[in-house]
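Counting starts at 1 for both ligands and their atoms, in listed order. Predicted, not measured: the structure shown is a model, and the values here were computed from it.
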Amino acid sequence: MEIEYDGGIHIKGTDLWLDAEVGKDFCFISHAHIDHAAKHKRILASPQTAKFYHHRLGETETKILKFNKPAKIRGAKVELFPSGHILGASQILVEKGGVRLVYTGDFKLRRCLTAEKIEVKKCDILIMESTFGLPNYVFPPRKEVVKKLTSFVKKTLSKGQTPVILAYSLGKAQEAMKILGNFGFKLSVHSSILKLTSVYQQFGVKFKNCYRYYSKELKGKVLLAPPWLKNSKLIENIPKKKIAMLTGWALDPGAKESYGTDEVIPLSDHADFSELIEYVKVASPQKIYTLHGFPEFASHLKDLGYDAERLRTTKTPYRLNKELLLNYDLFKVL
Ligand SMILES: [Zn+2]
């Protein structure tokens, strides 16, 4: 069996792509962040991801699969299960001939308020993200991160200033809304975030103390905006403010300077280094392919005794080990 990674993951000899970056006939969408979702002819996705996808990229033919409801798709058993990344974010298990392949998409093990609890399934072949795959990326406990965020907001408000929280409009922003709204802070939320929040609400996630942004009604509120608005007139025109960016890259030395904000807070939707390793231990695969993030992560896994390599964009297909090659027809009929 051969895997190729060329603008997306493709099991050679099949027509199923995983998170392809360019249009395909049939593609699994792990979640609707833009780096994982191109416009395809037909998609396979969880109900939540399908909604976000249609919201962002328009209607398309869709095979919806709920979590943990296996389906036969062109001869193989396919199952989606939660990745804990954002609402509806999904991993995929493809099983045939006794061989199990899991592709994680983006994931995290830590619990949060707006995504499903992750599940980890045993598999033979694991294709995993490795965004924070260096040992120095270990996030502080969630309690500390939440404290840092709420203290920043409290302190800024107490000085009569407006706290501006920059957070990606899908996932991070809703998590911040939930954390701060539950604490009793009043939020003024940019419309780009509210549009996606309506999908959360359709799936039963409730938000307190959140209001549509109006420049004249900002006093005493926290402004929640996507990072691309940082240098906009909307934010520039707020007279007294302090800006914080929510990102896992907050752990980098000099992050405040590089984001140009007053504060950086390591609230992340990705696994940190220790979670990546923990995931591998539980899944106990025979073969691991890593993608995204640091290439060194595959070497760390090798040091731990795993057969691991990084997926690179290449025309040369990757060959799986002999044992798995016995099941070379695994995905042919997908
Ligand atoms: Zn993502």
Checklist entry - Is the Zn ion (ligand 1) less than 2.8 Å from at least one N/O/S atom of His85? => result yes

Next on the checklist: When you compare the side chain of Lys121 with that of Phe81, does any pair of heavy atoms fall below 4.5 Å?
Outcome noted: yes

Checklist entry - Can you name the N/O/S atom of His33 that is nearest the Zn ion (ligand 1)? => result ND1

Checklist entry - So which N/O/S atom does Asp106 have closest to the Zn ion (ligand 1)? => result OD2

Checklist entry - Glu175: what forms a salt bridge (charged side-chain N to carboxylate O under 4.0 Å, His left out) with it, not counting sequence neighbours? => result Arg142

Next on the checklist: My understanding is that only residues two or more places apart in sequence, or in another chain, count here; which of them pass side-chain hydrogen bond (donor to acceptor under 3.5 Å, both in side chains) with Thr197?
Outcome noted: Gln174

Checklist entry - So if you build clusters from Ile, Leu, Val, Met, Phe, Trp, Tyr with side-chain heavy-atom gaps below 4.5 Å, do Leu304 and Leu109 land together? => result yes

